[in-house]
Every structure is written in structure tokens, then in C-alpha cells.
Amino acid sequence: MSITLIGPAQIPSLGFGTFQLEQDTVADMVAAALSEGFRHIDTAQAYDNEEPVGEGLRRADVRRDEVFLTTKILPEHFSPEAFIAAAETSLKRLGTDYVDLLLLHWPSKDVPIAETIGALNELIAAGKVRHGGVSNFTMDMVDQAQAALNTPLAANQIELHPLIDQTRMISHLASKGIPVEAYSPLAQGKVMDNATLRDIAAAHDASPAQIALAWILTRSMSIALPRTGNTNRLASNLRAAEIMLSAEEIARIDALGTTEGRLVSPETLAPDWD
């Protein structure tokens with residue numbers, strides 16, 4: 001198994017997502033994911049699980065410097081002082097001196113992007129954060145963040161799976177040399193019932209979930225963050241990196257995406273999507 005390292009931050013192309021995991025399983029699942037071969041763990045303050053994620057990291061027989069760890073901060077903490085304080089809180093909860101990637105989880109409707117990125121620059125300069133990025137940002141917002149950040153923007157983490165059309169965003173990020181991180185890569189389980197994905201999966205002796213992940217990974221500068229609460233699925237998610245889809249299969253999957261395919265758009269946080 002070979003996991004590609006993506007972009008200036010060298011982010012492992014497959015990561016273990018922890019959103020909506022049962023609280024009492026998080027530490028066990030993180031430790032199991034690392035034992036299975038994952039080297040990229042994704043969490044956020046909003047997931048309310050940073051402490052058990054940190055416990056899972058400590059429980060695993062893997063050195064901290066071998067794990068790419070991401071967390072995210074919500075807009076309510078985007079004023080510079082609050083952002084730095086929130087980052088310090090995350091480090092304490094995770095039990096680590098630094099995170100590899102810190103993301104602005106959603107765009108703020110009140111605090112200018114450059115002000116928050118200024119605080120992120122300070123955290124990077126202090127060694128508490130290695131790389132900075134954003135999540136759920138529009139193309140214009142991505143450009144603003146990139147202009148304000150003193151280091152390369154490591155990623156825009158967005159909803160991405162075969163059922164949503166994110167072609168314009170992906171093209172924009174590619175033109176800027178910015179990786180895309182795909183959250184909800186299995187469309188919250190909806191890929192399992194899709195006839196096209198099931199047909200392609202049968203041809204590869206794989207599952208529709210593996211095909212969805214493989215499709216994301218066929219795009220350059222792309223990272224997938226599948227979540228599972230079942231240890232038996234960890235290995236199969238990793239094996240998705242080995243599936244080679246044909247150009248015809250990729251085109252069939254590309255055709256599934258629509259603008260109506262978005263599943264995550266909280267009214268109080270979502271921007272006016274591109």
C-alpha cells in the first residue's frame with residue numbers, strides 16, 4: 001500500500017475522519033486507524049472529540065512526528081486574540097505541542113479573513129502550527145486567504161463525493177496549486193446505493209465506497225477523509241488507493257455530480273456557494 005503525499009504540506013492522501021464518531025469509540029478508532037496504516041487524522045473543535053483523538057494518538061505505537069494531525073476552529077473564535085487562544089485550547093486537548101494543519105473551519109460573516117489569517121501566521125511562526133488552510137471557503141475567499149497567509153495555503157477542505165459537482169472549485173484550486181481535501185467522501189453512505197458506483201465496483205471486486213475514494217484520489221492534489229466507526233472497514237478504505245479506474249469509469253462517475261448533491265450547508269455558517 002502506498003499513500004501519496006500531497007502539496008506543499010505533504011499531506012497523506014488518505015486520512016481518517018472523526019466527525020460524528022461515537023464519543024466512547026473515538027480513542028479506540030484513532031488508535032486502530034493508525035495501527036492499520038493511516039498516518040493522517042482529521043478532527044475539529046466542533047466535533048467535540050479532540051481529547052479522545054489525542055488519547056488515541058498516545059495509545060498508538062506510532063511516533064507523533066509520523067502522524068499528520070489536523071484540527072479546525074469555528075468563526076466564533078476568528079478575532080485574532082480569540083483564534084490564538086482557541087488554538088492553544090486545541091493543543092491542550094490534543095496533548096501535543098503542535099498541529100500539522102490548522103483550518104479555518106467555516107468563513108466568518110463578521111471578521112475579515114486577513115485578520116484571522118494574521119493570527120494563523122503568528123501561530124505558524126511560533127511553531128505551534130506547521131501549515132494553515134481553510135474549509136468550506138468560496139473561490140474568492142480562498143484567494144483572500146492565500147494572499148494573507150505567509151506560507152502556501154495547504155488546503156481547502158470541502159464536501160466532495162461523486163454526487164456533488166465541485167468541478168469549478170477543484171479547477172480553481174488546481175490553478176492556484178492548492179490541494180483539495182474531501183470531507184463526506186462517501187456522501188454520508190449514499191454512494192453505497194448508487195447503481196453506477198455499484199456496477200464499477202463489481203468490475204474491480206470492490207465496494208462502492210472504495211470506488212468513491214479511488215475516484216477522488218485519481219484527481220491530482222486531492223485528499224480523501226473517510227470516516228468509519230467499524231474497524232473492519234479501515235483496511236478496505238486504505239486499499240482504495242490501489243484501485244486504478246479507467247478513463248471511461250472516471251467519466252461515468254464525473255457525470256453523477258450535480259449542484260443539488262450538497263449535503264452539508266448549515267444556515268448559520270454556509271457562505272453563498274460558488
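Only a predicted model underlies this, so the values are computations on that prediction, with no experimental measurement involved. Residues: numbered from 1 along the sequence shown.
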Would you check if the side chain of [X] reaches a backbone N or O of [Y] as a donor-acceptor pair within less than 3.5 Å?
{"X": "E55", "Y": "D28", "result": "no"}
{"X": "S222", "Y": "T218", "result": "no"}
{"X": "E159", "Y": "L263", "result": "yes"}
{"X": "D100", "Y": "L69", "result": "yes"}
{"X": "N121", "Y": "A148", "result": "yes"}

Calculate, to the nearest 0.5 Å, the distance between atoms [atom1] and [atom2] belonging to [X] and [Y] respectively.
{"X": "I170", "Y": "M221", "atom1": "CD1", "atom2": "CE", "value": "12.5 Å"}
{"X": "I253", "Y": "E248", "atom1": "CD1", "atom2": "CD", "value": "9.5 Å"}
{"X": "N156", "Y": "Q166", "atom1": "CG", "atom2": "CD", "value": "9.0 Å"}
{"X": "S135", "Y": "K72", "atom1": "OG", "atom2": "NZ", "value": "6.5 Å"}
{"X": "L160", "Y": "I223", "atom1": "CG", "atom2": "CD1", "value": "11.0 Å"}
{"X": "W106", "Y": "L74", "atom1": "CH2", "atom2": "CG", "value": "10.0 Å"}

Any side-chain heavy atom of [X] within less than 4.5 Å of one from [Y]?
{"X": "L238", "Y": "I3", "answer": "yes"}
{"X": "I178", "Y": "H172", "answer": "no"}
{"X": "L91", "Y": "D97", "answer": "no"}
{"X": "V180", "Y": "M169", "answer": "no"}
{"X": "L5", "Y": "S13", "answer": "no"}

Do any side-chain atoms of residues 267-274 form donor-acceptor pairs under 3.5 angstrom with protein atoms, and if so which ones, sequence neighbours left out?
from : atom 1 : to   : atom 2 : distance (Å)
W273 : NE1    : S265 : OG     : 2.9
D274 : OD2    : M139 : N      : 2.7

Is there a path of hydrophobic side-chain contacts, each under 4.5 Å between heavy atoms of I/L/V/M/F/W/Y residues, joining [Y] to [X]?
{"X": "F68", "Y": "L34", "value": "no"}
{"X": "L234", "Y": "L57", "value": "yes"}
{"X": "Y47", "Y": "L103", "value": "no"}
{"X": "V99", "Y": "I73", "value": "yes"}
{"X": "I113", "Y": "V134", "value": "yes"}

Looking at every non-hydrogen atom in both residues, tell me the closest pair between [X] and [Y] and how far apart they are.
{"X": "G132", "Y": "I124", "answer": "N-CD1, 3.9 Å"}
{"X": "P107", "Y": "M141", "answer": "CB-SD, 3.5 Å"}
{"X": "A241", "Y": "L217", "answer": "CA-CD1, 3.9 Å"}
{"X": "A154", "Y": "L101", "answer": "CB-CD1, 3.6 Å"}
{"X": "P226", "Y": "L14", "answer": "CD-CD2, 4.1 Å"}

Is there a donor-acceptor contact under 3.5 Å linking the side chains of [X] and [Y]?
{"X": "N49", "Y": "T43", "answer": "yes"}
{"X": "T167", "Y": "D165", "answer": "yes"}
{"X": "Y183", "Y": "N136", "answer": "yes"}
{"X": "R227", "Y": "T18", "answer": "no"}

Anything under 3.5 Å between a donor and an acceptor, one on a side chain of residues 197-216, the other on a protein residue two or more places apart or in another chain? List them.
from : atom 1 : to   : atom 2 : distance (Å)
R198 : NH1    : M192 : O      : 3.1
D199 : OD2    : R252 : NH1    : 3.3
D199 : OD2    : R252 : NH2    : 3.0
H204 : NE2    : E249 : OE1    : 3.0
H204 : NE2    : E249 : OE2    : 3.0
S207 : OG     : A209 : N      : 3.4
S207 : OG     : Q210 : N      : 3.1
Q210 : OE1    : S207 : N      : 2.9
Q210 : NE2    : S236 : O      : 2.9
W215 : NE1    : D254 : OD1    : 2.8

What is the ring orientation for F83 with F78, classed by angle as parallel under 30°, tilted 30 to 60°, or perpendicular over 60°? perpendicular
Is the NZ or CZ atom of R64 positioned over Y98's six-membered ring, under 6.0 angstrom from the centre and within 45° of the axis?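 Flagged: R64 positioned over aromatic ring of Y98.
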Carboxylate-amine/guanidinium contact E88 K92, below 4.0 Å: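 Salt bridge flag = no for K92 with E88.
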Quick test of your reading of the model: are E66 and R63 salt-bridged, counting only N-O distances below 4.0 Å?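 Looking at E66 and R63, the cut-off is met.
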For [X], does the [atom1] atom sit with more than 12 other heavy atoms under 6.0 Å from it, leaving out its own atoms?
{"X": "N230", "atom1": "CG", "value": "yes"}
{"X": "R233", "atom1": "CZ", "value": "no"}
{"X": "D61", "atom1": "CG", "value": "no"}

Residues Q45, E50; criterion side chain to side chain contact (heavy atoms under 4.5 Å, CB included); working and verdict: CA-CA 7 Å; Q45 290 191 350; E50 287 176 317; 3.6 Å; yes
